[in-house]
Amino acid sequence: MDLYQLRYFLEVARELSFTRAARNLYVSPPAVSKSVALLEASLKRKLFTRSRRRVELTSEGELLKSKVEKIYDILEGVRLELTGEAREGPSRLKIGSREMITNYLLSPCLAAFRKKYPNTRFGLYELEPRQMAEALRKDLVDFAFYYHGDIADPALEIRKVGAVRSHVYAAKSLLPQGRPPRNLEELLSLPYIAPRYFQSDPTEPSIDGFPDHRALRNIQYEGEFLETHRRYVIDGLAAAVLPDFVIRREWKAGQVLRLEVGPRLGRDIYFIKRKTRPLPRAVEHFLGVLKKTLTLLESPR
């Protein structure tokens, strides 16, 4: 049993596919199969059950996976210390996120971070929740940001960073007689655009924070990206729940109206990482900058 065998095993255990593991490792599938077979022979234990359609971990395989992840986490921590990345900043950070967070929250954070750590490069990836959890478990991203803390996965650490206020916004042309709704019933009857991922569960709570399970909106459009919602509001196609700072300029200019009736709305922002994964200390600096950014964006202007 050596580190190469354990690395190959871990990749297969995470992907549950010899083909995908080989692709990630930049080697051939036969090389991965041979390495796993040698590991099984040396341990005298079967680590995977294989069929034509699927690969699954045995109970011994599950145990070994948890132990090997700890080994590689220790090695990653040592690497960070020896290369100076733990103190001086990482050479590269891969971040999973969502469009609104990436465009409106991370941009000022990255600018401030690079003043202190100018040599860090970044990968920014827009991931829906299932992709995000999988990418974190497999160390395909270092950490992630999302709107809710309910990504249910015992392998992940979830920490609230802050929150943003939201309201329902609409163009005056969308409103009957051009006046804002006077009660919840009138608010709900407006045509809405609501966020929805492709093939997501329609019974899941909306990520814009509107409590449709208690007060169902008249949803006429579904779209994944916040900029689509903002554009539809400005163009008078639909009402939408938008973070205040996203559309503050158009609201102050009188181009759209903020509808004050109805439930109080907002989004919490969460930092997510794999629990045992070591990260450079610079990441805590990054989180500090993000918290300050949220405070500034939420301050009245």
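Keep in mind that the numbers below use all heavy atoms, side chains included, and drop hydrogens, waters and symmetry copies. Throughout, numbering of the chain's residues begins at 1 and tracks the sequence. These figures come from a predicted structure and were not determined experimentally.
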Checklist entry - Between Asp268 and Lys160, does at least one N-O distance fall below 4.0 Å, as a salt bridge requires? => result yes
Checklist entry - Looking only at heavy atoms, what is the nearest atom pair of Lys275 and Leu156, with distance? => result CE-O, 3.3 Å
Checklist entry - Arg274 and Thr276: side-chain donor and acceptor closer than 3.5 Å? => result yes
Checklist entry - What are the two closest non-hydrogen atoms of Leu187 and Pro181, and how far apart are they? => result N-CB, 3.6 Å
Checklist outcome for this item: For Gln5 and Ser35, the nearest pair of non-hydrogen atoms, with its separation, is CA-OG, 3.3 Å
Checklist entry - Nearest heavy-atom pair of Leu257 and Pro180: which atoms, and what distance? => result CD1-CG, 4.2 Å
Checklist entry - Met100 and Phe210: same hydrophobic cluster, using ILVMFWY side-chain contacts below 4.5 Å? => result no
Item to check | Ring centroid separation Tyr146 to Tyr270 under 6.0 Å | outcome: no
Next on the checklist: Could you check whether Phe143 and Phe271 have their ring centres less than 6.0 Å apart?
Outcome noted: yes
Item to check | Same cluster (ILVMFWY, side-chain, under 4.5 Å), Val161 and Leu124 | outcome: yes
Item to check | Test of ring centre spacing under 6.0 Å for Tyr221 and Tyr192 | outcome: no
Checklist entry - Quick one: are the ring centres of Phe122 and Phe113 less than 6.0 Å apart? => result yes
Item to check | Test log, rule salt bridge (Lys or Arg N to Asp or Glu O under 4.0 Å), inputs Lys138 and Glu134 | outcome: CA-CA 6 Å; Lys138 295 178 180 178; Glu134 183 179 14; 2.6 Å; yes
Item to check | Crowding at CZ, Arg45 (>12 non-hydrogen neighbours, <6.0 Å) | outcome: no
Checklist entry - Out of curiosity, does Tyr117 fall in the hydrophobic cluster containing Val289 (side-chain heavy atoms, cut-off under 4.5 Å, transitive links)? => result no
